[in-house]
Amino acid sequence: MVKSYGFAGINIILDEAHLANIVTKKDLRNKGIGSKLLESLIEEAKKTCKSITLEVNEKNTSAISLYKKFRLHSPWQKK
């Protein structure tokens, strides 16, 4: 049996990575899963990319906190 706790994805085009999404199950949030997923995406992007971009809804304070923890910021905050 395979259990899913969350997923994440990036789009890589040439030397730029765009963080597509990070999702964790609601009942498993604040347990470090999102951090581990983001850490893995960053490590993968660092292999070939010079930059990482992302978009985030300005009301998604959990995501904003996670990105700040990794010193990422979004110039494209959606309302």
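For clarity, every value in this text was computed on a predicted model and none was experimentally measured.
- I13 CD1 to C49 SG: the interatomic distance, rounded to the nearest 0.5 Å, is 10.0 Å.
- In this structure, the separation between NZ on K31 and NZ on K25 is 12.0 Å, given to the nearest 0.5 Å.
- At least one side-chain heavy atom of I10 sits under 4.5 Å from a side-chain heavy atom of I12.
- In this structure, CD in E44 is found 7.0 Å from OG1 in T48, a value given to the nearest 0.5 Å.
- Summarising the local packing, OH of Y5 is surrounded by 12 or fewer heavy atoms from other residues, nucleotides or ligands at distances under 6.0 Å.
- The two residues G6 and L37 have their closest heavy-atom pair at C-CD1, 4.3 Å.
- Both F70 and L54 belong to a common hydrophobic cluster when Ile, Leu, Val, Met, Phe, Trp and Tyr are linked at side-chain heavy-atom distances under 4.5 angstrom.
- Using a 4.5 Å heavy-atom cutoff, the side chains of T24 and F7 are not in contact.
- Of the inter-residue distances, the one linking M1 atom CE with K3 atom NZ reads 6.5 Å to the nearest 0.5 angstrom.
- For the atom pair OG1 (T61) and NZ (K68), the distance works out to 10.0 Å, reported to the nearest 0.5 Å.
- Inter-residue side-chain proximity for Y67 and V56 is flagged as met; some heavy-atom pair is nearer than 4.5 Å.
- Between A45 and A17, the closest heavy-atom pair is CB-CB, 3.8 Å.
- A 6.0 Å sphere centred on CG of N30 holds no more than 12 heavy atoms belonging to other residues, nucleotides or ligands.
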**OP:** List the steps and the verdict of side-chain contact (heavy atoms from CB on, under 4.5 Å) for I42 and L72.
**Re:** CA-CA 10 Å; I42 291 170; L72 298 173; 4.1 Å; yes

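- In this structure, L19 and L38 approach most closely via the heavy-atom pair CD2-CD1, 4.1 Å.
- Between S51 and E16 the shortest side-chain heavy-atom distance falls below 4.5 Å.
- Contact detail for L66 and S35: the closest heavy-atom pair is CD1-OG, 3.4 Å.
- Atoms CG and NZ, on L14 and K50 in that order, are 10.0 Å from each other to the nearest 0.5 Å.
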